[in-house]
Novice: 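Below is the structure I would like to discuss, written out as structure tokens.
None of these values were measured; they are calculated from a predicted model. Letters go in sequence order (proteins before strands), and every chain restarts at 1.
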Amino acid sequence: MKELMLVDAVNDALHVEMERDPSVLVMGEDVGRLGGVFRATAGLQDRFGAERCIDTPLAEAGIIGTAVGLCMAGWRPVCEMQYDAFSYPALDQLINHVGRYRWRTRGKMSFPLVIRMPYGGSVRAPELHDDSPETYYVHTPGVKVAIPSTPADAKGLLAAAIRDPDPVVVLEPKLIYRLARGDVPEGEHVVPLGKARVVREGSDVTIVAYGAMVGVAQRVAVSLVGDASCEVLDLRSLKPLDEDSLLASVAKTGHAVVVQEAPRVCGFASEVAAILAEKAIFDLRGPVLRVTGYDVPYPYWQLEDAYVPSEARVADAVRRVLAA
Amino acid sequence: MKELMLVDAVNDALHVEMERDPSVLVMGEDVGRLGGVFRATAGLQDRFGAERCIDTPLAEAGIIGTAVGLCMAGWRPVCEMQYDAFSYPALDQLINHVGRYRWRTRGKMSFPLVIRMPYGGSVRAPELHDDSPETYYVHTPGVKVAIPSTPADAKGLLAAAIRDPDPVVVLEPKLIYRLARGDVPEGEHVVPLGKARVVREGSDVTIVAYGAMVGVAQRVAVSLVGDASCEVLDLRSLKPLDEDSLLASVAKTGHAVVVQEAPRVCGFASEVAAILAEKAIFDLRGPVLRVTGYDVPYPYWQLEDAYVPSEARVADAVRRVLAA
Amino acid sequence: MSQVLPAEGGLRRIIGDGESRPDGEVEGLGPEQLLALFRDLVLLRTYDERSVIYHRQGRIGTYAIFWNHEAMQAGSVFALEERDWVFPSYRDSAIGLLRGMPASTVLSWWRGHPAGWWNPEDYNVASICVPIATQIPHAVGFAWGSRLKGEDRVAIVNFGDGATSEGSFHEGATFAGVMKAPVVLFCNNNQWAISTPLSAQTAAPTLADKAIGYGMPGLRVDGGDVLAVYEATREAVARARAGDGPTFIEAVTYRVAPHATADDPSLYIDEERAREERENECVGRYERYLRRLGVLTEEQAAAIRAEALELMRVGIAQAEAEPPADVSLVFEHAYANPPPTLAIDLDELRRILG
Amino acid sequence: MSQVLPAEGGLRRIIGDGESRPDGEVEGLGPEQLLALFRDLVLLRTYDERSVIYHRQGRIGTYAIFWNHEAMQAGSVFALEERDWVFPSYRDSAIGLLRGMPASTVLSWWRGHPAGWWNPEDYNVASICVPIATQIPHAVGFAWGSRLKGEDRVAIVNFGDGATSEGSFHEGATFAGVMKAPVVLFCNNNQWAISTPLSAQTAAPTLADKAIGYGMPGLRVDGGDVLAVYEATREAVARARAGDGPTFIEAVTYRVAPHATADDPSLYIDEERAREERENECVGRYERYLRRLGVLTEEQAAAIRAEALELMRVGIAQAEAEPPADVSLVFEHAYANPPPTLAIDLDELRRILG
Ligand SMILES: Cc1ncc(C[n+]2csc(CCOP(=O)(O)OP(=O)(O)O)c2C)c(N)n1
Ligand SMILES: Cc1ncc(C[n+]2csc(CCOP(=O)(O)OP(=O)(O)O)c2C)c(N)n1
Ligand SMILES: [Mg+2]
Ligand SMILES: [Mg+2]
């Protein structure tokens with residue numbers, strides 16, 4: 001165990017997995033000499049050479065498109081998208097090929113690529129450095145999605161993604177790249193995809209969250225001690241999703257509040273609510289409330305705190321579901 | 001009134017709106033000389049000239065990207081994407097610019113462009129001619145989404161989209177381009193966005209659908225007469241969404257089944273279910289069931305009937321919600 | 001900075017017109033190979049013509065016709081080693097036949113039957129790519145990745161003139177140049193993208209002129225001249241193998257058939273120009289060349305055609321004999337480790353289908 | 001098929017080095033204009049240098065430095081008419097100052113305050129574009145659309161060397177060529193995309209060599225020579241106005257400042273090369289030229305600098321005096337006719353914020 005910041009845990013995972021498997025390579029804009037704009041890939045080019053840690057041209061569709069071909073040549077590419085909103089040029093390759101190619105070969109060829117990127121807001125950045133694009137990824141068949149909220153999970157989920165035979169998108173909450181510190185197992189450390197984590201036990205309401213919103217949920221749970229006993233569930237992986245933990249928690253509490261940074265319509269919070277409306281309808285003793293970003297463009301940063309779900313908004317939702 | 005096929009109603013709307021407003025132009029791949037691969041734009045180039053009905057290069061991001069600039073020059077471009085799955089290269093322009101540019105100008109400039117495309121499956125076509133991409137569009141802030149299920153609505157919703165000052169994506173169910181026939185008002189005909197249509201009254205369960213799934217829902221409703229009284233609601237527009245009609249119907253029936261062709265996770269059916277779990281929780285007397293495409297690539301066409309929601313699957317869901 | 005030849009102006013030709021323009025020869029191609037190439041052409045031509053008939057008979061679905069594109073497909077693949085990979089566009093759906101793929105497989109693809117989905121590693125032929133130009137980065141990544149692994153494999157990717165307008169072409173070509181990928185970008189310039197003429201596609205003087213923007217040589221060849229296509233591709237493949245990077249080949253032809261069985265070219269095509277081209281179509285052109293050379297007899301030609309026809313008869317019979325696909329295939333193969341929901345969905349579907 | 005000049009090899013230069021290479025002159029530029037151009041350069045330079053300080057003082061957020069890019073920005077805009085439009089990249093955030101935009105507006109943008117979001121029609125300057133190369137199709141569509149409306153408006157779009165690798169560049173340039181759009185594609189080739197050198201970006205001999213692939217002329221100019229930039233742009237603008245279509249301009253310079261305030265170039269940049277460039281930076285180079293020409297005196301230069309500094313003092317003061325943004329702005333302006341849910345969300349938010 002050593003204490004690491006979340007971004008360093010990502011870097012640690014890349015070192016360990018590249019060491020372990022010579023077919024793993026890292027590619028993206030500025031990942032090599034610079035080590036990435038967030039230093040997530042620092043040291044990899046020195047350690048593994050410029051052929052396994054590649055500074056690519058500035059072309060996201062080219063990065064993911066060539067990564068598909070690299071898979072066919074036997075590589076396991078880990079592609080960095082420099083920021084959330086800059087991953088959109090690659091959506092075409094992701095939807096039409098990354099998620100479909102294995103199926104096209106009737107399972108004969110694997111496409112074990114990983115797309116990792118910093119995502120989410122509250123970092124006082126210029127426009128389009130704040131998106132939460134998980135819906136675009138999780139809605140796409142053939143693609144898995146993991147989102148860590150702690151350094152240990154950042155390492156373990158990324159390792160699982162790299163070892164997974166299917167394409168996995170890993171969204172790293174950039175707000176807590178350096179704010180989240182925690183003990184991280186040294187050497188190999190894998191956190192299986194599809195297992196949620198009960199962050200805090202509670203009996204009145206389940207607050208479902210992922211990424212940077214887990215911290216918000218935790219702080220709300222603490223702030224409401226006495227008024228309400230909140231269970232906080234960190235999904236960790238959106239696809240595969242740990243429905244059992246979700247349903248078990250709501251069966252116990254009878255109430256749910258789901259938190260996400262992304263816009264509301266067709267966000268993952270809607271998926272969680274829909275699952276509850278289908279499979280927990282008779283456990284629910286009140287409405288399922290979603291606390292999300294709004295269905296408007298992510299604002300200039302002087303207003304971003306009013307856009308991103310705040311402790312006040314989450315606490316208000318908890319009170320409302322319990323009052324209903 | 002004249003009886004038209006759905007695709008001809010689209011063509012009619014384009015003629016009427018281009019006639020009415022000289023700033024409307026049509027652009028896309030093969031929309032000019034050929035009149036579109038489905039003939040939706042037939043006759044426009046002869047009538048309005050090659051400068052207002054433009055055969056573009058084969059470049060979807062270029063089509064939507066230049067359309068943004070055309071708006072800034074005072075045009076109202078109606079862009080055709082030749083097929084659903086071929087619209088993905090333009091998602092980057094759609095998410096980062098089409099949905100955000102008005103906001104960027106603090107409301108001073110409008111981007112009244114329309115993106116229309118044939119969508120949906122069951123047409124016995126090769127791979128990637130069958131997608132239902134509504135989630136990618138409806139999740140995107142600043143963009144509206146309409147989906148007709150009848151010739152009259154195909155004309156009226158497209159006219160509304162063209163006149164709307166905001167960007168609107170119109171998804172046209174290609175399966176019923178020529179199967180759906182119906183009376184269509186001649187001349188100007190506008191169906192406001194955000195008004196759902198009660199296709200059929202019922203008292204036991206509300207079947208929520210849009211596009212080609214409305215027909216499936218109707219046939220199920222008929223087939224269940226005696227066993228269950230089904231209300232069929234055609235959403236017509238996903239954003240803005242007519243929540244009032246949705247909630248009123250479920251308040252009456254107490255049960256809901258939501259049907260969509262798209263994959264389930266984060267599909268629009270999940271959004272509908274989430275709205276019900278939030279705002280109709282105490283009206284619901286059973287689970288909200290989603291009957292959707294599966295979370296796998298849309299299959300080769302010999303298996304597509306097993307993938308697309310069938311009357312059997314919808315009827316089964318209706319029976320299950322009522323039995324619960 | 002890689003050495004760049006300026007793109008060629010005129011078209012490379014080997015086959016003469018039997019009159020003023022004399023026949024040339026390709027160094028190193030003996031009679032067997034010349035005949036083998038003819039066999040390839042006839043095979044593709046027969047596949048294509050039969051497919052159009054099968055479509056009319058309702059035995060296959062919509063079909064993208066490649067009549068008069070055979071010289072580009074056969075000539076380019078003939079310049080490859082078995083270990084080299086081909087990344088076809090949907091227009092090149094039957095290119096796998098040149099690698100021993102059964103006709104039934106390709107026919108099954110057009111019949112929308114799972115038997116049409118092959119394992120690329122069985123033939124070194126990637127899946128048919130439907131979204132225009134998107135297979136180009138795949139070929140580039142594959143070639144680059146093979147080189148990184150120290151494997152001597154070249155990739156060729158086939159696409160059309162319209163494809164050169166897509167960002168995917170640009171990004172793929174950009175990576176190819178930077179990574180010095182051993183890849184051949186083979187463009188069939190049939191001058192139409194469905195109904196869109198080349199003049200509405202680009203203002204470039206020639207498509208080969210795009211090559212210099214990626215730091216690679218651009219060759220121009222008569223796409224109806226199978227020997228010229230072969231020779232140009234051989235040159236590009238040699239360059240790739242030598243580690244000198246990618247080459248862009250523009251093969252110029254004219255689309256004389258409908259874009260696909262659903263298309264009506266009378267709405268846009270230049271019938272006059274099409275008629276000319278038809279009279280000079282690539283298979284007949286090569287056959288006359290072989291006759292002039294005295295390498296091919298009536299009988300041989302007839303036998304080769306009969307052989308190809310037989311192969312198609314067997315192919316369609318096998319395709320039609322395929323058992324219906326089981327619904328489990330809706331769910332299989334999407335993931336190596338599927339999310340648990342898929343199995344539940346399959347069970348439910350089976351229950352409903354009874 | 002448009003007439004295409006092959007891209008130029010050498011770099012166009014007007015300003016000499018005060019030693020061996022003699023000074024040139026730009027026809028039609030009198031003393032006032034030469035001084036006006038100097039004023040523009042100083043204005044941008046002052047904006048940039050003050051911004052770096054404001055950032056250190058925590059008065060603005062992350063900031064993309066454009067030190068030594070001023071000649072490309074000022075020289076190109078100087079060749080436009082007021083009615084012509086500019087489509088800036090984030091690197092050109094202050095280019096609006098050349099159109100009378102208050103410094104407080106641009107400073108507010110970097111402060112993340114709504115006052116930084118202007119109406120493009122007020123200055124004929126489009127919004128700052130953050131996603132690389134995506135503004136290129138906008139400029140092309142605008143130019144094409146203006147021509148369709150019979151309006152005499154040219155558009156210029158500024159982007160970097162890295163941007164030329166994006167599909168958006170390719171598709172925008174392709175449309176520009178086909179539509180003969182009156183647009184100037186102005187590429188600042190500072191040889192770096194953050195830490196990625198041009199050699200890792202493309203294998204093309206020069207970026208100007210990409211132009212022929214779009215059927216447009218490609219010009220190459222010394223990006224540190226404001227007069228050469230002006231003259232080349234004037235030529236391109238004239239071509240556009242005459243209806244002869246787009247031009248690609250590659251302005252070659254070297255990025256001597258960090259990519260942005262958050263960047264640490266010591267990890268990748270060639271300090272030696274950077275030092276050279278710094279000594280020959282574009283504002284000083286032009287000032288020395290004007291001195292040699294006897295058009296600019298010490299006093300004038302000092303006055304112009306003082307003026308610019310004052311403008312920045314006022315600008316930052318105004319920006320800092322902006323009242324905090326009201327939360328209603330989270331919802332306003334996203335739609336002309338917003339979905340009803342937005343108003344409900346705003347009410348709820350107000351209730352919670354109390
Ligand atoms: C990304 C994408 N957009 C549109 C289409 C629809 N489409 C199929 S073929 C075709 C024309 C292709 O023309 P070209 O590249 O010249 O190839 P050719 O058909 O002439 O062989 C188009 C637009 C597609 N398949 N993919
Ligand atoms: C689509 C996209 N991808 C990545 C980024 C992140 N990014 C910001 S600036 C930059 C480098 C741009 O280089 P260049 O085009 O040469 O312009 P310069 O910064 O040198 O002016 C990158 C990769 C972005 N803004 N947009
Ligand atoms: Mg073509
Ligand atoms: Mg640069």
Novice: Between C/A334 and B/V296, which heavy-atom pair has the shortest distance, and what is it?
Specialist: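 That would be CB-CG1, 3.8 Å.
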Novice: In terms of heavy-atom pairs under 4.5 Å with chain C, which of B/E29, B/E60, B/H129 leads?
Specialist: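 Most heavy-atom pairs under 4.5 Å with chain C: B/E60.
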Novice: Does the side chain of C/I132 come within less than 4.5 Å of B/F86's, by heavy atoms?
Specialist: no
Novice: Flag the pair B/L58 / C/T196 as yes when at least one side-chain heavy-atom distance between them is below 4.5 Å, and no otherwise.
Specialist: no
Novice: Measuring from atom CD of B/E127 to atom OH of C/Y90, what distance do you get when rounded to the nearest 0.5 angstrom?
Specialist: 14.5 Å
Novice: Locate the shortest heavy-atom distance separating C/S165 from B/A59; write the atom from each residue and the value.
Specialist: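 C/S165 and B/A59 have their closest heavy atoms at O-CB, 3.5 Å.
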Novice: Could you tell me which of C/W110, C/W117, C/Y335 has the largest number of non-hydrogen atom pairs under 4.5 Å with chain B?
Specialist: C/W117
Novice: Start with the C-alpha distance between B/E304 and C/V330, add both sets of side-chain angles, then the distance that settles side chain to side chain contact (heavy atoms under 4.5 Å, CB included), and finish with yes or no.
Specialist: CA-CA 8 Å; B/E304 68 183 333; C/V330 168; over 6 Å; no
Novice: In the structure I gave you, are the side-chain heavy atoms of B/Y300 and C/S108 within less than 4.5 Å of one another anywhere?
Specialist: no
Novice: Using non-hydrogen atoms and a 4.5 Å limit, figure out which bit of B/V37 sits close to chain C: side chain, backbone, both or neither.
Specialist: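 For B/V37, side-chain heavy atoms alone lie under 4.5 Å from chain C.
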Novice: Could you tell me which portion of C/L342 (side chain, backbone, both or neither) has an atom closer than 4.5 angstrom to a non-hydrogen atom of chain B?
Specialist: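 It is the side chain, since no backbone atom gets that close.
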Novice: Quick one: pull up CG in B/L34 and CG in C/L267 and give me the separation to the nearest 0.5 Å.
Specialist: 6.0 Å
Novice: For residues C/P197 and B/R33, determine if any side-chain heavy atom of one lies less than 4.5 Å from a side-chain heavy atom of the other.
Specialist: yes
Novice: State, to 0.1 Å, how close C/V327 and B/L303 come at their nearest heavy-atom pair, and which atoms those are.
Specialist: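 Taking every non-hydrogen atom into account, CA-CD2, 4.0 Å.
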Novice: Counting only heavy atoms closer than 4.5 Å, note whether B/A306 contacts chain C via side chain, backbone, both or neither.
Specialist: both
Novice: Given the options B/Y294, B/Y83, B/Y88, which has more heavy-atom pairs under 4.5 Å with chain C than any of the others?
Specialist: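 Most heavy-atom pairs under 4.5 Å with chain C: B/Y294.
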Novice: What distance separates C/F331 CZ from B/Y307 OH, expressed to the nearest 0.5 Å?
Specialist: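 Here the rounded value is 9.0 Å.
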Novice: Please state whether the side chain, the backbone, both or neither of B/T56 comes within less than 4.5 Å of a heavy atom of chain C.
Specialist: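 For B/T56, backbone heavy atoms alone lie under 4.5 Å from chain C.
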Novice: Non-hydrogen atoms of chain C under 4.5 Å away: do they reach the side chain of B/Q82, the backbone, both or neither?
Specialist: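 Just its side chain gets close to chain C.
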Novice: At a heavy-atom separation under 4.5 Å, does B/R319 approach chain C through its side chain, its backbone, both, or neither?
Specialist: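 Looking at B/R319, nothing touches chain C.
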Novice: Do you know which two heavy atoms are closest between B/P126 and C/W109, and how far apart they sit?
Specialist: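 For B/P126 versus C/W109, the nearest heavy atoms are CB-CH2, 3.9 Å.
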Novice: Where does B/D316 contact chain C at under 4.5 Å (heavy atoms): side chain, backbone, both or neither?
Specialist: side chain
Novice: Tell me if a side-chain donor or acceptor on B/Q302 pairs with a main-chain N or O of C/R111 at a distance below 3.5 Å.
Specialist: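 Such a contact is found between B/Q302 side chain and C/R111 backbone.
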Novice: Using non-hydrogen atoms and a 4.5 Å limit, figure out which bit of B/L128 sits close to chain C: side chain, backbone, both or neither.
Specialist: side chain
Novice: Report which part of B/A312 has an atom under 4.5 Å of a heavy atom belonging to chain C: side chain, backbone, both, or neither.
Specialist: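 Backbone plus side chain of B/A312, per the 4.5 Å heavy-atom cut-off to chain C.
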